[in-house]
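Note that the numbering runs from 1 along the sequence shown for the chain.
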Amino acid sequence: MPALALGTLVLYPDSREVGWLLPWILGGEPTNDVYQPCERLSQRVIGIDRVDRIDVFDCCLVRRATFDAGLGRALRLTLDVVGGIDTTELESFPDVEYSTGHPFRFNDCTFSLLGEICPLIDFALTIDNPLIVGPFCSNFPRFSPSDRTVTLSCQSPVGSYGALPSALPLAGASTSIAFLRGSDQLIFDLPNWQPPVNGPSTPARQTPLMQWNGVARAADSGPDLVVTLSQIR
C-alpha cells in the first residue's frame, strides 16, 4: 500500500476551471449544468514540477472544499486533498491547458434568503467529505457519503435584516449565493439552510455585523446542495 500524502491547494478559479473542479469535489458529472453530491468521490492525479524532479500523487481525493469571498476579494477555492505518493519518475511535465478567464469577483455575488436579497460582507461555503484514514496514513481513505456536511457561514450588515434569523423556520430555509460575471453564472443552492445558532454582535465604534452560521440539510429525498454553472460554449 503506497504512503498517503496530505496537502492544501488554494485557487482562484474562473468558470471553466470551476467546471473542471466540481466533479472532483462532488463526485459526479453535471446534468444540464447542474452538479450534485454523489455517493462516490472522483480521483485525480496531481503532478508538481520541482525543476530537478517531478512529484506525482495519484488517487487524490478532496476531503474538504471551501468557497469563500469577501469585500475586495475574488472567489477563492481551498482544497484539502488526500492522495497516494507515486514512485513513478516522469522525464518531462505533461502539456497543460491553462484557462485565460477571470475569476468570479465578490461584487458579482448575490445572497438570497427567504426570497429577499441581502447584502453580504463575506461568506464561506464548505463541503466536507469525511475520509477515514488509518493511523499514520497507513491505508487508503474510505468515504462515507452519509456523513458529508455542507455548511455556510456569512456576515451581513444588521440594518433591517436583524429580524430574519427569528423568521427562519426551524427545519431550514431555501438559500442561494449566485455569481454572475458576463455570460458565466455560478449558483450555490441550499434547499434547507438551518437557522444560525449565533446571534449578531455589535462591537463599539464599528458597523454592526450579523454573523450567520448554518448547516445545509436535504429537502425531502433531494440533495443538500445543488450547484449550477452556466458557461459560454
At their closest point, which heavy atom of [X] faces which heavy atom of [Y], and how far apart are they?
| X | Y | result |
| --- | --- | --- |
| I48 | F57 | CD1-CE1, 3.8 Å |
| S42 | G28 | OG-N, 4.3 Å |
| P191 | P223 | CG-O, 3.6 Å |

For the [atom1] atom of [X] and the [atom2] atom of [Y], what is their distance to the nearest 0.5 Å?
| X | Y | atom1 | atom2 | value |
| --- | --- | --- | --- | --- |
| F106 | I121 | CZ | CD1 | 7.0 Å |
| T175 | L152 | OG1 | CG | 7.0 Å |
| E29 | L22 | CD | CG | 10.0 Å |

#### Entry: Listed partners of Y35 passing ring pair (Phe, Tyr, Trp, His ring centres under 6.0 Å), at least two apart
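Ring pair (Phe, Tyr, Trp, His ring centres under 6.0 Å) list for Y35, sorted by chain: empty.
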### D80 and T8: CA distance, side-chain angles, deciding distance, side-chain hydrogen bond (donor to acceptor under 3.5 Å, both in side chains) verdict
CA-CA 5 Å; D80 291 340; T8 300; 3.1 Å; yes
Taking the side chain as everything from C-beta on, heavy atoms only, tell me whether [X] gets closer than 4.5 Å to [Y].
| X | Y | answer |
| --- | --- | --- |
| T149 | D128 | yes |
| L131 | L41 | yes |
| D189 | L225 | no |
| T151 | N213 | no |
| F123 | D68 | no |

### Query
Who pairs with Q185 by side-chain hydrogen bond (donor to acceptor under 3.5 Å, both in side chains), at least two apart in sequence or on another chain?
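Here no residue qualifies.
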### Query
How would you list, by chain and number, every residue that makes a side-chain hydrogen bond (donor to acceptor under 3.5 Å, both in side chains) with R44, sequence neighbours excluded?
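R44: no side-chain hydrogen bond (donor to acceptor under 3.5 Å, both in side chains) contacts found.
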Does a donor on one side chain and an acceptor on the other come within less than 3.5 Å for [X] and [Y]?
| X | Y | value |
| --- | --- | --- |
| S99 | D14 | yes |
| R148 | N129 | yes |
| T78 | T66 | no |

### Message
Taking the basic N atoms (NZ, or NE/NH1/NH2) and the acidic carboxylate oxygens, is any pair closer than 4.0 Å for D184 and R181?
### Response
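No salt bridge links D184 with R181.
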### Task
Using the six-membered ring wherever Trp is involved, compare the ring planes of F188 and F67 and label them parallel, tilted or perpendicular (cut-offs 30° and 60°).
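Because their plane-to-plane angle lies in the 30° to 60° range, the rings of F188 and F67 count as tilted.
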### Query
Does L113 offer a backbone N or O that forms a donor-acceptor pair with the side chain of W193 under 3.5 Å?
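No, W193 side chain to L113 backbone: no donor-acceptor pair under 3.5 Å.
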